[in-house]
Amino acid sequence: MITTDFAPGSPCWLDLGAPDVEVATAFYRAVFGWQSEPHGGRDAGGYTLFRLDGKAVGAVGPLTEDGARSAWTLFFHTPDADAAAQAVERAGGAVRVAPVRVGSDDGRFAQLTDPQGAEFAVWEPAGYPGFEAADVPGTLVWTELYTTDPAAAQTFYTSVLGWSTQDMPLPGGGGTYTLLTPAGCSEERMHGGLMGVPADLLGPGGKPYWHPVFASRDCDATVGLTTGNGGTLSMGPETVEGVGRLAVCNDPSGAEFVVLAPEGQL
């Protein structure tokens with residue numbers, strides 16, 4: 001369960017790097033019914049907030065790193081961005097963007113990479129804690145890492161973010177899925193999972209990556225909106241016992257996300 005009562009290591013924000021912010025904004029407005037507004041009253045085409053029923057649920061901005069492809073970045077809560085960045089380097093990861101302040105008192109973030117190459121970020125809040133809605137249709141409901149070395153990834157994120165982990169077998173002998181929970185939290189606060197995926201199935205360059213899972217009241221209907229507005233379908237929709245009905249999708253620029261109608265609401 002992802003909440004807005006952020007514990008250290010829990011997901012607290014997400015944003016999309018896009019080659020065309022206005023195209024991406026139009027797509028996600030159509031698919032999830034999000035509203036959008038330029039952050040801080042800036043011009044359209046810059047960093048843009050997404051809202052659902054007036055509550056912030058994420059953002060989109062221009063690609064800022066050389067060679068970057070369009071993708072969602074997941075941010076995890078930290079009380080100290082400098083300490084988190086140092087822990088990443090000690091654990092064999094890399095700091096792509098050193099901790100930097102946002103606005104006058106919003107908070108500080110750092111852009112990071114794990115030893116296998118998956119990119120993520122941390123957020124040290126001040127005046128802006130993070131997203132204002134989660135775990136309801138149209139918002140972040142789960143986070144997921146596809147990695148070439150799940151054992152090493154477990155070691156890294158446990159060291160850096162303090163997560164506790166729990167392995168479970170995938171159906172049909174498909175390997176192991178590792179459930180992730182913020183440090184000191186009960187299993188009710190599980191926020192994501194990681195699984196091993198061969199490099200040749202990871203897309204360009206075989207690079208591990210995180211992707212967001214968005215809740216939906218009707219997975220098939222959301223997939224229809226995705227493909228009807230220029231997105232594509234990579235997998236599904238299919239029903240997974242104990243999870244719900246899900247599909248892996250890509251927006252018009254290729255950024256991957258998952259749509260999930262949780263089992264309890266089917």
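Since the structure is predicted, the reported quantities are computational estimates derived from the model, not experimental observations. Computed over heavy atoms, backbone and side chain alike; hydrogens, waters and symmetry mates excluded. When a residue number appears, it is its place in the shown sequence, counting from 1.
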**Study point:** Sub-4.5 Å side-chain heavy-atom contact between Arg108 and Asp82
**Key:** yes
Check your understanding: Hey, quick one: are Leu170 and Val258 part of the same hydrophobic cluster, counting side-chain heavy atoms closer than 4.5 Å, chains of contacts allowed?
Key -> yes
Review point. side-chain hydrogen bond (donor to acceptor under 3.5 Å, both in side chains) between Ser253 and Asp20: does it pass, once the steps are laid out?
Key: CA-CA 8 Å; Ser253 296; Asp20 189 318; over 6 Å; no
Point to revise | Distance-only side-chain donor-acceptor flag, Thr113 / Arg96, under 3.5 Å | key: yes
**Study point:** Ring centres under 6.0 angstrom apart (Trp210, Phe76)
**Key:** yes
Practice item. Could you grab the distance from atom CG of Asn250 to atom OG of Ser234, nearest 0.5 Å is fine? Key: 3.5 Å
Check your understanding: Which heavy-atom pair separates Val160 from Ala87 by the least distance, and what is that distance?
Key -> CG2-O, 3.7 Å
Practice item. Flag the pair Trp123 / Phe131 as yes when their ring centroid distance falls below 6.0 Å, and as no otherwise. Key: no
Exercise for review: Evaluate the side-chain proximity of Tyr28 to Val60: yes if any heavy-atom separation is below 4.5 Å, no if none is.
Suggested key: no
**Study point:** Within one Ile-Leu-Val-Met-Phe-Trp-Tyr cluster: Leu112 and Leu63, side-chain cutoff 4.5 Å
**Key:** no
Review point. Under 3.5 Å, side chain of Glu132 to main-chain N/O of Thr4, donor-acceptor pair present?
Key: no
Practice item. Test side-chain hydrogen bond (donor to acceptor under 3.5 Å, both in side chains) on Gln166 and Tyr177 and set out the steps. Key: CA-CA 8 Å; Gln166 178 182 333; Tyr177 192 84; over 6 Å; no
Point to revise | Pair Thr178-Asp167, side-chain donor/acceptor within less than 3.5 Å | key: yes
**Study point:** Side chain to side chain, Val248 and Glu256, heavy atoms closer than 4.5 Å
**Key:** yes
Review point. Is Thr232 close to Thr227 at the side-chain level, that is, under 4.5 Å between some pair of heavy atoms?
Key: no
Check your understanding: So, the side chain of Trp72 versus the backbone of Phe257: is there a donor-acceptor pair under 3.5 Å, distance only?
Key -> no
**Study point:** Single-linkage hydrophobic cluster Leu179~Val240, side-chain heavy atoms < 4.5 angstrom
**Key:** yes
Check your understanding: Within a strict 4.5 Å, meaning less than it, do heavy atoms of the Pro11 and Leu140 side chains meet?
Key -> yes
Review point. Can you list the residues that meet the ring pair (Phe, Tyr, Trp, His ring centres under 6.0 Å) rule with His77, with sequence neighbours excluded?
Key: none
Review point. If we ignore angles and hydrogens, is there a donor and acceptor under 3.5 Å between the side chains of Ser36 and Arg51?
Key: no
Exercise for review: Check the hydrophobic clustering (I, L, V, M, F, W, Y; side-chain heavy atoms under 4.5 Å; chains of links allowed) and say if Val197 and Trp142 are grouped together.
Suggested key: yes
Exercise for review: Measure the shortest side-chain to side-chain distance between Val259 and Leu246 over non-hydrogen atoms and say whether it is less than 4.5 angstrom.
Suggested key: no
Study note, to complete from the structure: Exactly one candidate in Trp34, Phe32, Phe27 meets ring-ring contact (aromatic ring centres under 6.0 Å, His included) with Phe50; the answer is Trp34
Check your understanding: Will you find, in the side chains of Tyr128 and Asp105, an N or O donor that is under 3.5 Å from an N or O acceptor?
Key -> no
Exercise for review: Check whether the side chains of Thr3 and Asp135 place a donor and an acceptor atom closer than 3.5 Å, and report yes or no.
Suggested key: no
**Study point:** Nearest heavy-atom neighbours spanning Ala153 and Leu145
**Key:** CB-CD2, 4.1 Å
Practice item. For Tyr146 and Gln116, test the side chains for any donor-to-acceptor distance below 3.5 angstrom and give the result as yes or no. Key: no
Check your understanding: Counting distance only, does the side-chain N/O of Thr25 pair as donor-acceptor with the main-chain N or O of Val21 below 3.5 Å?
Key -> yes
Check your understanding: Does the side chain of Trp163 come within less than 4.5 Å of Gln154's, by heavy atoms?
Key -> no
Check your understanding: Counting distance only, does the side-chain N/O of Ser10 pair as donor-acceptor with the main-chain N or O of Phe6 below 3.5 Å?
Key -> no
**Study point:** Validation row: Leu16, Ser70 side chains within 4.5 angstrom (heavy atoms)
**Key:** yes
Review point. Is Leu14 reachable from Val136 through a run of I, L, V, M, F, W or Y residues, each pair having side-chain heavy atoms under 4.5 Å apart?
Key: no
Check your understanding: Could you give all pairs that pass the ring-ring contact (aromatic ring centres under 6.0 Å, His included) test and reach residues 89-122, with sequence neighbours left out?
Key -> Phe120-Tyr157
Point to revise | Remaining members of the apolar cluster that contains Leu233, side-chain heavy atoms under 4.5 Å | key: Val223
